[in-house]
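This chain uses plain numbering: 1 for the first residue, then up along the sequence.
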Amino acid sequence: MRAGPGPVVVMGVSASGKSTVGARLARRLGVPFVDADDLHPQANVDKMRSGHPLDDADREPWLDRVGATLAESARDGIVVACSSLRRAYRDRIRRAAPTTRFVHLHLSEEALAERAGARLGHFMPATLLASQLATLEPPAEDEPALTVDADEPVDEIVDLAAAWLVGGPDLEVGAARDAPPPA
């Protein structure tokens with residue numbers, strides 16, 4: 001039996017609110033928070049800053065660092081904000097940290113574009129949003145994931161995610177898809 005909520009990834013495309021929700025969720029759960037943006041090799045940051053999307057080869061060492069970070073804190077719990085756009089990326093993370101669960105922040109393309117355009121000082125330009133949306137493979141029914149409407153207030157998203165993560169009541173929420181946590 002795990003002592004804390006285990007490893008958790010708050011996932012979604014750029015500007016979906018991963019860092020905001022992740023930090024608040026970690027605080028609620030009493031566990032550390034890590035923004036996976038801080039785990040990117042400098043070459044990845046430079047590539048995105050110049051307006052070029054990452055390819056799978058760019059992402060592999062980064063995803064390995066994310067997986068290792070999750071694995072190091074798997075027993076007591078950790079929340080990591082990480083895009084985790086494709087199932088293959090989530091599978092790679094779970095190879096390092098098998099009990100990882102995902103909270104997918106879903107938002108309309110229009111709302112994402114508005115948020116991305118309003119962000120200041122982030123290395124990921126709003127022009128790369130289309131490539132992220134094209135890459136996104138939402139979690140499948142057989143993945144340990146909860147999908148929530150990221151247009152809801154942050155506190156409501158955190159309440160919903162925390163209830164799911166700590167094994168709260170079955171969710172009867174139209175904005176969420178509840179997948180069973182791993183055994």
Distance in Å, [X] [atom1] paired with [Y] [atom2], rounded so as to fall on 0.5 Å steps:
{"X": "Leu136", "Y": "Met11", "atom1": "CG", "atom2": "CE", "result": "6.0 Å"}
{"X": "Glu152", "Y": "Leu160", "atom1": "CD", "atom2": "CG", "result": "9.0 Å"}
{"X": "Asp91", "Y": "Thr100", "atom1": "CG", "atom2": "OG1", "result": "11.5 Å"}
{"X": "Arg28", "Y": "Asp155", "atom1": "CZ", "atom2": "CG", "result": "6.5 Å"}
{"X": "His52", "Y": "Asp46", "atom1": "NE2", "atom2": "CG", "result": "12.0 Å"}
{"X": "Asp38", "Y": "Ser19", "atom1": "CG", "atom2": "OG", "result": "8.0 Å"}

Is there a donor-acceptor pair closer than 3.5 Å between any side-chain N or O of [X] and the backbone N or O of [Y]?
{"X": "Glu143", "Y": "Ala140", "value": "yes"}
{"X": "Ser73", "Y": "Leu70", "value": "no"}
{"X": "Ser16", "Y": "Val13", "value": "yes"}

So do [Y] and [X] actually touch side chain to side chain, heavy atoms under 4.5 Å?
{"X": "Leu105", "Y": "Val148", "answer": "yes"}
{"X": "Leu165", "Y": "Leu146", "answer": "no"}
{"X": "Arg87", "Y": "Asp142", "answer": "yes"}
{"X": "Thr99", "Y": "Pro7", "answer": "yes"}
{"X": "Tyr89", "Y": "Asp56", "answer": "yes"}
{"X": "Val31", "Y": "Asp76", "answer": "no"}

Nearest heavy-atom neighbours spanning [X] and [Y]:
{"X": "Pro5", "Y": "Arg101", "value": "O-NH2, 2.8 Å"}
{"X": "Ile93", "Y": "Cys82", "value": "CD1-SG, 4.2 Å"}
{"X": "Ser84", "Y": "Val9", "value": "OG-CG1, 3.5 Å"}
{"X": "Ala36", "Y": "Trp62", "value": "O-NE1, 2.8 Å"}
{"X": "His104", "Y": "Pro138", "value": "CE1-CB, 4.1 Å"}
{"X": "Arg90", "Y": "Glu137", "value": "NH2-O, 2.8 Å"}

- Query: salt bridge (charged side-chain N to carboxylate O under 4.0 Å, His left out) with Asp35: which residues, sequence neighbours excluded?
  - Reply: none
